[in-house]
Amino acid sequence: MIIKKINKGDYVDTNQLLAFDHVVRHGSFSKAARMMDISQPTISIRIKNLEEEVGGELFKRGGNKLELSELGRTFLPFAQQAIGTINKGMEQAKLAKEGRGGKIAIGTLPTLADHYFSSTLATLYKTHPHIGIVVHTGHNQELLEMLYEGYVKLCVMTYPFFNTELRSLLHIREPLLLVTHPDHPLAQKDEIELNDIDDRANPYLLVDWSVDAKRVQREMLTGRNDFEVPPQTAYDLLKSGMGVALLTETMVAKDIDQGTLVSLSVKAFPKLYRESALVQLKKEKEISSSLRTFINVFSDQIESEKSCELKSFTF
């Protein structure tokens with residue numbers, strides 16, 4: 001394997017570097033040859049060719065004991081570093097082929113980067129520590145640009161999407177719940193009407209989950225000024241005792257179980273969902289082993305969320 005160009009037309013290969021390293025470690029050409037399972041003339045030729053490339057003798061000749069020359073001592077750490085780099089590269093390539101290594105780049109909306117997504121990353125780190133992970137965030141159009149430019153291979157984005165160049169690998173649907181703090185006045189009522197939310201949310205924290213969800217919320221808030229915030233901000237405000245918001249069941253399930261937030265049952269309020277999809281470009285004909293590992297772990301994490309509905313597509 002050729003690994004480094006020295007001068008124009010001249011190359012050093014790994015066999016030469018390995019021969020040099022073995023001779024140094026074993027202290028003789030004959031022992032090095034036996035360890036490499038090659039003849040002594042072969043190892044001598046490799047050392048001679050390497051010396052021609054680096055421009056001088058690597059060992060002092062003529063003494064009773066084999067010693068490195070000044071040139072040899074200078075060159076040795078670089079030769080060993082090159083061997084180590086090649087070995088590490090070979091190991092990582094093998095792990096990537098087996099789905100236990102490699103590097104993956106995933107794009108996601110900031111609002112989809114929590115819960116089962118973050119638990120996927122935590123699980124991957126524990127079970128496949130050799131897989132490197134890079135996560136980029138952006139809105140749908142930015143994610144598309146990342147896919148087209150090759151910065152990422154997979155994206156988690158809102159569904160439905162209307163780009164015919166995308167392929168869905170997973171489709172996720174999460175129920176949305178009207179939630180508030182247990183000390184909020186609306187939490188004390190057994191039955192809640194839509195106009196109660198409008199009148200007494202104080203304030204209603206509008207979160208833009210989807211076109212449909214936003215339309216329903218705006219219709220409910222007749223004549224009210226907007227108090228529109230991101231999901232995490234809404235969650236933090238609710239935890240502080242302020243307002244009512246529509247959040248994913250995934251996001252608040254633990255709080256509801258612990259009683260730190262409560263779900264409101266409102267008459268005539270439609271069932272709403274956050275829908276998202278894990279997508280790739282259709283022109284990508286193959287999925288690497290490491291990406292398949294991510295998809296499998298991601299699917300498992302979503303399925304572990306009792307409230308989520310998951311549909312998988314053949315890939």
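Worth knowing before you read on, the calculation uses all heavy atoms, side chains too, and leaves out hydrogens, waters and symmetry mates.
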Minimum heavy-atom separation for [X] and [Y], please, with both atom names.
X: Leu238; Y: Thr180; value: CD2-CA, 4.1 Å
X: Pro182; Y: Ala187; value: O-CB, 3.5 Å
X: Ala234; Y: Leu205; value: O-CD1, 3.8 Å
X: Leu71; Y: Gly55; value: CD2-C, 4.1 Å
X: Ser265; Y: Ile192; value: O-CB, 3.7 Å

Assess whether side chain to side chain contact (heavy atoms under 4.5 Å, CB included) is satisfied between Thr123 and Lys126, documenting all intermediate values. CA-CA 5 Å; Thr123 300; Lys126 292 176 183 177; 5.8 Å; no
With a sphere of 6.0 Å drawn around CD of Glu149, does it hold more than 12 non-hydrogen atoms of other residues, nucleotides or ligands? yes
Any chance CD of Glu286 has more than 12 other-residue heavy atoms, nucleotides or ligands included, within less than 6.0 Å? no
With a 4.5 Å limit on heavy-atom distance, are the side chains of [X] and [Y] in contact?
X: Lys189; Y: Arg200; answer: yes
X: Phe298; Y: Phe117; answer: yes
X: Thr108; Y: Val152; answer: no
X: Ser30; Y: Arg34; answer: yes
X: Phe294; Y: His128; answer: no
X: Ile47; Y: Glu51; answer: yes
X: Val207; Y: Leu176; answer: no
X: Leu121; Y: Ile106; answer: no

side-chain hydrogen bond (donor to acceptor under 3.5 Å, both in side chains) between Gln232 and Asp236: does it pass, once the steps are laid out? CA-CA 6 Å; Gln232 186 61 46; Asp236 292 340; 3.0 Å; yes
Between the main-chain N or O of [Y] and the side-chain N or O of [X], is there a donor-acceptor pair closer than 3.5 Å?
X: Asp21; Y: Leu17; value: no
X: Lys282; Y: Thr164; value: yes
X: Gln301; Y: Asn296; value: no
X: Gln81; Y: Pro77; value: no
X: Glu142; Y: His139; value: yes
X: Asp13; Y: Gln16; value: yes
X: Ser69; Y: Leu58; value: yes
X: His184; Y: Ala201; value: yes

Which atom pairs, one a donor and one an acceptor, fall under 3.5 Å between side chains of residues 242-256 and the rest of the protein, sequence neighbours left out?
| unit_1 | atom_1 | unit_2 | atom_2 | d |
| --- | --- | --- | --- | --- |
| Thr248 | OG1 | Met251 | N | 3.1 |
| Thr250 | OG1 | Glu174 | OE1 | 2.9 |
| Asp255 | OD1 | Tyr235 | OH | 3.2 |
| Asp255 | OD1 | Lys239 | NZ | 2.7 |
| Asp255 | OD1 | Thr260 | OG1 | 2.9 |
| Asp255 | OD2 | Tyr235 | OH | 2.7 |

What verdict does the side chain to side chain contact (heavy atoms under 4.5 Å, CB included) test give for Leu147 and Leu143, after you've listed the backbone C-alpha separation in whole Å, the side-chain angles of each residue and the deciding distance to 0.1 Å? CA-CA 6 Å; Leu147 281 171; Leu143 295 177; 5.8 Å; no
Please lay out, stage by stage, how Leu194 and Phe269 fare under the test side chain to side chain contact (heavy atoms under 4.5 Å, CB included). CA-CA 7 Å; Leu194 280 174; Phe269 193 78; 3.6 Å; yes
Output all residues satisfying salt bridge (Lys or Arg N to Asp or Glu O under 4.0 Å) with Glu70, sequence neighbours left out; order by chain, then residue number. Arg73
Contacts of type salt bridge (Lys or Arg N to Asp or Glu O under 4.0 Å), residue Asp212, not counting sequence neighbours: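 Counting only residues at least two positions away or on another chain, Asp212 forms a salt bridge (Lys or Arg N to Asp or Glu O under 4.0 Å) with Arg215.
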Interatomic spacing from [atom1] in [X] to [atom2] in [Y] - rounded to 0.5 Å:
X: Ser299; Y: Leu278; atom1: OG; atom2: CG; result: 8.0 Å
X: Leu310; Y: Ile302; atom1: CG; atom2: CD1; result: 5.0 Å
X: Asn202; Y: Ile197; atom1: CG; atom2: CD1; result: 12.0 Å
X: Lys103; Y: Ile131; atom1: NZ; atom2: CD1; result: 13.0 Å
X: Ser276; Y: His171; atom1: OG; atom2: NE2; result: 7.0 Å
X: Ser118; Y: Leu112; atom1: OG; atom2: CG; result: 11.5 Å

Electrostatic pair Glu275-Lys311, nearest N-O below 4.0 angstrom: no
Looking at Lys214 and Glu228, does any basic side-chain N land under 4.0 Å from a carboxylate oxygen? yes
Consider only side-chain heavy atoms of I, L, V, M, F, W and Y, link residues closer than 4.5 Å, and tell whether Tyr273 and Val179 are in one cluster. no
Same cluster for Leu124 and Leu169 if Ile/Leu/Val/Met/Phe/Trp/Tyr side chains link at under 4.5 Å?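 Yes, it is one cluster - the side chains of Leu124 and Leu169 are joined through contacts under 4.5 Å.
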Would Val134 and Tyr151 satisfy side chain to side chain contact (heavy atoms under 4.5 Å, CB included), going step by step from the backbone distance to the final call? CA-CA 10 Å; Val134 178; Tyr151 289 121; over 6 Å; no
Holding to ring-ring contact (aromatic ring centres under 6.0 Å, His included), I want the full list of residues that pass it with Phe20, two or more places apart in sequence or in another chain.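 Counting only residues at least two positions away or on another chain, Phe20 forms a ring-ring contact (aromatic ring centres under 6.0 Å, His included) with Phe59, Phe75.
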Compile the donor-acceptor pairs under 3.5 Å between side chains in residues 154-163 and protein atoms, sequence neighbours left out, one pair per line.
| unit_1 | atom_1 | unit_2 | atom_2 | d |
| --- | --- | --- | --- | --- |
| Thr158 | OG1 | Asn140 | ND2 | 2.7 |
| Asn163 | OD1 | Glu165 | N | 2.7 |
| Asn163 | ND2 | Tyr148 | OH | 3.0 |

Thr42: which residues meet the side-chain contact (heavy atoms from CB on, under 4.5 Å) condition with it, sequence neighbours left out?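 Partners of Thr42 by the side-chain contact (heavy atoms from CB on, under 4.5 Å) criterion, ordered by chain and then number, come out as Ile38, Ser39, Arg46.
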